[in-house]
Every structure is written in C-alpha cells, then in structure tokens.
Amino acid sequence: MSKQKNIAKIRNIGIMAHIDAGKTTVTERILYYTGRSHKIGEVHDGEATMDWMQDEQDRGITITSAVTYCQWKGANIQIIDTPGHVDFTVEVERALRVLDGAIGVFCGVGGVEPQSETVWRQADRYRVPRMAFINKLDRTGADFFAAVESIREKLAANPVMIQVPIGAEDQFRGVIDLVAMQQIQWNDESLGAEYTTGDIDPEHAQLAAEYREKMLEAISEVNDEIMEKYLGEEEIEIAELKAAIRKATIDREIVPVLCGSALKNKGIQTLLDAIDFYLPSPKDIPPVKGIHPTTEEVLEFKPEKNAPLAALIFKVSMIEGRKLSFARIYSGRMAAGADVFNPALNRKEKLSRILRMHANKRERLDEASAGDIIGIVGLKNSGTGETLCDQNHPVFLEKMEYEDPVISIAIEPKTHADQEKLDQVLEKFMIEDPTLKMRKDEETGQTILSGMGELHLEIIISRMVKEFKTNVNVGKPQVVYREIVTAPARGQALFEREIQGKSHYANVTVELKPLSRGEGIKFSSQVSTDQIPEIYIPHIEKGIRESLEGGYLKGYPIVDIEVVLTGGACEEGKSSELGFSVCGAMALKEALKSANMALLEPIMAVEVFVPDANMGDAIADLNTRGGKVESINSKADIQVVKAVVPLARMFGYSTALRSATQGRGTFTMQFRSFDKV
C-alpha cells in the first residue's frame, strides 16, 4: 500500500452467514483470484487459509474471525471472515463493530437459515450496509428466486437482484448482469480464473428483460432521478445506474443480490467488482463518534490521516504465547515504535510492531492510518473494546455489549504440572474471549468455566490440550441459572467490629423489590445525609452488587431486582467505607432470608431440520424434553420444527436426534430468554 493511499479506495468488509453456507469458501476464492494465495484451499480438505487454527481444520468450521487483505482493480479490500456457529456470535459482533460493509452469503438450497438471521440483526444494530451472495446454485434443490424471497420475508430487507443465474443445479453455467445487460460464463478448465462476457443468448433474453425491469422499478422507488427516467422511458446510463445502486446500498435502502457457486469457481470476480462498486469506503459512512473522558462532550473523528488518532481494539489473540491486538483505525495514524494513549487505563502504551494481517501470517508496516485494520504487538494492558488515541485528544469510542454465558462446566487439572499452567492458560483465553467467564467453586475447589454453548466450551478444552498441552478432567455441562425475588422484602444489619486496631461501625436498612424480566439490577437511596453521609453510599452499593453476584438460593447471580437503601446510621470517627460495604452485603442477606425467591433457567430457541418420515419421533422427543413447538414448515422434503426448550433438557440432544433420524436430522439452538424453572 503506498504512503499516499486513497482512503476512498479502501473497502472494509465482513463475510457473514449461517454455518455451512460457504462463506470461508467464498473468501478462499477471493484470495485466489486477487492473487493473495496461489492455490485454492478447501474447507473440506482442512486446508482453508482463513481457518488456520487446528480445531477449525479438524471440524471444517470457522471459530475465530480471521483478518486478511487483498487488492482488486485498484481497491484495497480488508476482509474479516466470521464464524457461522451461534456459540461464536461474539466474534461476529466484534467484526461488525469495525466494518464498513458486509456480504451475507446464503445457501441456494437453504436460503435464510437461523444463524444468518442472528448475524443480519447484529449488522442492523451496527447499521452496516450489505450485499447478498446466493451461493451453491449448482446443488440439487438450489432455487435462487426462493432464496431471494426468503431474504425479503425473514430478514425484512429489500433485496434487489442485480444478477440472475443461467440454469440451475447441475445446469448452472453462469450469470446475467442486469446492470450492463451482459452474459458472463466461467471457464471450468482455468478454475474460474478466466471468464467470458458477451451478449445475452436469445433463449435468456426474456428472463433478462423481465428481471431488469424489476431491478429498475426497485431502484426508482429509492432514487428520484432514476424514477423520472424510468417513467419517461428514457435511456439510463450504466454509470448512472451504478451510482444509484451504490447510494441506495450505502443508505441501507436496498440489498443488491448476486449469485454463483464458490466451490465451482463461478461468480467471485463479479462479486469483487460489486464490492468495489457498491460497498462504502470509510469516507462514505458517518464519522465515528466518541465521548470525552472528563467533559463527556460528544466528539467526531473524520477518516483523515492528519486528524487526531482514534482507534478501537476489537479483538485480542494469544498466538504462540504472544499477545496480538487487532485494531481498526478510524482517524489519524499510528507509527511503529510510537506511544499511544489508552483513556480507560489512563496510561500510555507502546506500539512495538504494526502488522498487516493475512489470517495467521503477517507483514510488518512502518505506519498505518485511517481506514486500516491492523494487528499490534506490544500493548501490555489494553483489552478488547478499549480505545487508543492521542493523549491531547482523549476519547472513549462506544464499547461493545456481550451476552451473558448460559452453560458451565467444572474442570480440574490432571497433574500438579497442569495445575500451574491452568490458571495462566485460562487467563489467556479470557483476554481473547469476553464471553468466557471463570470462577473458583469454594466448596469443591474446582474451576467453573462458563460460556455460550456446548461447542464453545468443547473448543476451549480442545485448545487447552492441543495448543497449551494442559490436561484437565471435565465435569458434565451445567446450566447457568439466575435467581430472582418474587415479592418485596426488607432487611437490616449492624456492623461493629475492630479490625487491626481500628473501629468500624455501620448500620444499614434495605428494601428489595422484584423487577420485570430483563431489567437487571437497580440501586437507589432514600436516606438523608444526616443518617448516612453521601461518601458512603457508593460503598454500600458496591457491597450489595458484589453480594448479588454470589446469589442466595443456589449461588447463582440474582437479577431483575431493585434494592432501595431506606435507613441507616453512622458514628463519627468510627464509621468507615469498609464497614458500610460489608454492612450493605449483610443487610441484603437479611432481606433475602425472608424473601420469596425463585430460579430462572435459560430457555433456548431450537430449530430442528428433519426428513418427513422422522417428524413424529422428533416432535415426541422435544415434548419429552419439556419443549413447546411454535411452528412447523416444510422445505422440499425437509420439515423445519421451531420450538422453545429449557437448556437443561437439551444436553445430548445432537446424539438423540442423529439416532432418531439415521444421521439426517440437524438442529440449531440459541438463547431466547430466562424463565422460571
């Protein structure tokens, strides 16, 4: 990349999809045709460039989002390939936070599947402009038009076909470009590297004319100039049409739809052209906003090299024991060896090295600037979601929110040597993954690991053994419940003690009130400063919040509760911050003793795909697990059963489903809500 690189030619894009829709294969082809890789790595052979982790190659799935870079016709494309499995949505979340555009890859047979709905909603939340690529059109049962319709229905999006396929299933030969009104066909002998563009064959002319009309109609609805020409039946120039599609895509009014078969090397170059034509550069999206740490003023940072620095760390990886931080630079520049400021820690950090990433390979850069996505070596204390900026222009960029874990396992080291390594290894994993939580069980001495699903925890254990040579015994998975109070309660406590020759006195009264599901924890004070000076209130709240974490009934966190400080007293010279913190926790425990309490359990939204013949068995099995079937839809000869089931009853379900359907049934599961046990 030249020193004078053009920010308008940068494309920061993500490739997102349901598991098995083929997004890693799409990325592999992009790298091959742009000259970044000299052979095509296949997911099914365990050789995909982007799935470089041992577990990814063994399982044929993407676990971590990998960053790479390539060039196409003057555009600098930085790509993040994200996981499709629901247990790793945090990886998708982190990627979407720093991307300017995204490509949703959909299977031509399955259309919109559950996980693609989840990632689409995440992209909605971050207001990311998108294109869609309907993949696998060579497969039996592929239906391009049905897949486009599923985008309209299930994602409430406005898909506009800018290509239609020529043929389907084993007859799929190429695509018709509705913008330029040309036919494109790929040469199988050159692995799709060569393709011919020409006039549309007479037998496809009617199809092309019909769908071009639909495309023009859809674009005229969001663009007045195109509408005038369309209604007046005037000639619309290609450049004019492309500009209208680009504007509508960036404004998130339409989703351009392209098609192909990545595995059969068809449709990738036209997808690359569309990335360049229609997806935004850092200059096309609103400048990033942040908050000044002390004045709380809202600040704006433009994507310019000479503006003050604003960068966000969106991911941290521990590779071969070294800490590698991934950052997106929104504004300004960074130079290798220079210092940057982290306002969350209120300290400087040194950029030992700046790297341009290509999956797990990297190349050193002297400097990077606005629009770049880079790897940084040398940040000792900075973590995921933190901002790097100039000390003279401090700012907090918006942090990322994460779901709470729903499942946990108990682990213990096999040998004394493993014991020493275990804590260090877990600390590395927790730096990498904000959705992984760890605590020690005081009674059993075991380490309790909590995560987003069985697969999430399985991969952590697998990586412990393969990457860090740490062996552990693993207990059965346990559900992470929550506790709630179901009726108001009151508690009072007095703390009077001498600790290391110093007196501590505090008196606290609290009232507990139940809140609606999902409202979290609220704390308020109704006491006057005569009763308890204001300086002690935050310490009472701290004691109460820490105590709520530890639960009461079964040791699970207490949620959806309001704690009101209603009374108390202090004594001059005796009262202390420690005293009030401890007393707040004691008063809470007293209130919980007399409170009506209940457990909440995680309820999962489950989608089961079963052949017609096995449908009865599948529904009967869900019923025995306490599931409620919400809907049944048929797709070709497959029935899709949607149900809600308590997570506690879903352990071992994949084995049961496989044996009930001779291995033909599959399912997806994701957290829906907490509900009373």
Side-chain angles (χ1 to χ4, degrees), residues 8 11-16 75 96 99-106 111-112 116-117 119-134 144-165 175-182 207-259 267 270-287 303:
R11 300 287 179 272
N12 288 320
I13 61 160
I15 298 190
M16 55 187 212
L96 288 170
L99 291 171
D100 302 330
I103 299 162
V105 176
F106 301 93
V112 174
S116 40
E117 287 189 52
V119 293
W120 198 269
R121 305 266 174 269
Q122 286 172 303
D124 280 340
R125 194 160 70 238
Y126 289 113
R127 309 177 71 78
V128 178
R130 273 148 285 176
M131 295 193 315
F133 181 74
I134 311 289
F144 172 73
F145 300 104
V148 174
E149 206 41 51
S150 72
I151 294 175
R152 190 183 311 283
E153 284 173 11
K154 293 192 177 177
L155 304 178
N158 181 15
V160 174
M161 292 174 258
I162 59 172
Q163 289 179 350
V164 288
V175 304
I176 292 170
D177 175 351
L178 298 173
V179 178
M181 281 305 265
Q182 286 182 317
L207 174 88
E210 180 191 337
Y211 281 97
R212 174 162 169 105
E213 198 66 17
K214 287 185 176 176
M215 176 190 75
L216 290 174
E217 205 174 292
I219 294 163
S220 65
E221 280 174 14
V222 294
N223 187 299
D224 293 344
E225 286 148 30
I226 299 290
M227 179 176 266
E228 269 180 43
K229 289 199 167 184
Y230 175 65
L231 293 175
E233 295 183 4
E234 292 174 48
E235 183 67 31
I236 299 170
E237 298 289 328
I238 291 178
E240 211 176 345
L241 192 50
K242 281 183 177 173
I245 295 172
R246 178 179 176 79
K247 184 181 184 306
T249 306
I250 293 170
D251 293 344
R252 297 175 25 260
E253 292 176 319
I254 66 167
V255 175
V257 182
L258 297 93
C259 58
T270 50
L271 177 64
L272 281 160
D273 286 340
I275 290 168
D276 183 18
F277 293 154
Y278 306 127
L279 285 181
S281 77
K283 281 191 172 307
D284 294 315
I285 53 171

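Numbers here simply count residues along the sequence, with the first being 1.
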Considering all heavy atoms of both residues, which atom of [X] and which atom of [Y] are nearest to each other, and what is their separation?
X: Thr249; Y: Ile245; value: OG1-O, 2.6 Å
X: Ser150; Y: Ala147; value: OG-O, 2.7 Å
X: Val255; Y: Ala132; value: CG1-N, 3.7 Å
X: Gly267; Y: Phe133; value: O-CE1, 3.7 Å
X: Pro303; Y: Pro282; value: CG-O, 3.5 Å

Applying side-chain hydrogen bond (donor to acceptor under 3.5 Å, both in side chains), can you list everything that pairs with Asn158, at least two apart in sequence or on another chain? none
Set of ring-ring contact (aromatic ring centres under 6.0 Å, His included) partners for Phe144, sequence neighbours left out: none
Partner set under side chain to side chain contact (heavy atoms under 4.5 Å, CB included) for [X], not counting sequence neighbours:
X: Thr270; answer: Gln163, Ile184, Trp186
X: Ala248; answer: Val222, Glu253, Ile254
X: Glu149; answer: Arg152, Glu153
X: Gln182; answer: Ala180, Thr197

Passes side-chain contact (heavy atoms from CB on, under 4.5 Å), Val164 versus Phe145? Steps please. CA-CA 9 Å; Val164 288; Phe145 300 104; 4.0 Å; yes
Evaluate the side-chain proximity of [Y] to [X]: yes if any heavy-atom separation is below 4.5 Å, no if none is.
X: Leu155; Y: Asp124; result: no
X: Ser220; Y: Leu231; result: no
X: Leu258; Y: Tyr278; result: no

Could you work out, with salt bridge (charged side-chain N to carboxylate O under 4.0 Å, His left out) as the rule, every residue matching Arg246, not counting sequence neighbours? Asp284
Which residues share a salt bridge (charged side-chain N to carboxylate O under 4.0 Å, His left out) with Asp276, sequence neighbours left out: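 Applying salt bridge (charged side-chain N to carboxylate O under 4.0 Å, His left out) to Asp276 gives Lys9, Arg11.
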Pairs under 3.5 angstrom only: tabulate donor-acceptor contacts from the side chains of residues 233-244 to other protein residues two or more places apart or in another chain.
| from | atom 1 | to | atom 2 | distance (Å) |
| --- | --- | --- | --- | --- |
| Glu240 | OE1 | Lys229 | NZ | 3.2 |
| Glu240 | OE1 | Glu237 | N | 3.3 |
| Glu240 | OE2 | Lys229 | NZ | 3.1 |

Just verifying a value: how many Å separate [X] [atom1] and [Y] [atom2], rounded to the nearest 0.5 Å?
X: Ile219; Y: Met227; atom1: CD1; atom2: CE; result: 12.0 Å
X: Ile250; Y: Ser281; atom1: CD1; atom2: OG; result: 7.0 Å
X: Leu99; Y: Ile285; atom1: CG; atom2: CD1; result: 9.5 Å

Looking at Lys283, I want to see if its NZ is surrounded by more than 12 non-hydrogen atoms of other residues, nucleotides or ligands under 6.0 Å.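 Yes, the 6.0 Å shell around NZ holds more than 12 heavy atoms from other groups.
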Solution key, residues 208-218 side-chain donor-acceptor pairs under 3.5 Å, sequence neighbours excluded:
| from | atom 1 | to | atom 2 | distance (Å) |
| --- | --- | --- | --- | --- |
| Arg212 | NH1 | Leu178 | O | 2.7 |
| Arg212 | NH1 | Val179 | O | 3.0 |
| Glu213 | OE2 | Tyr230 | OH | 3.1 |

Please answer whether the main-chain N or O of Trp120 pairs with a side-chain N or O of Arg130 as donor and acceptor at a distance below 3.5 Å. yes
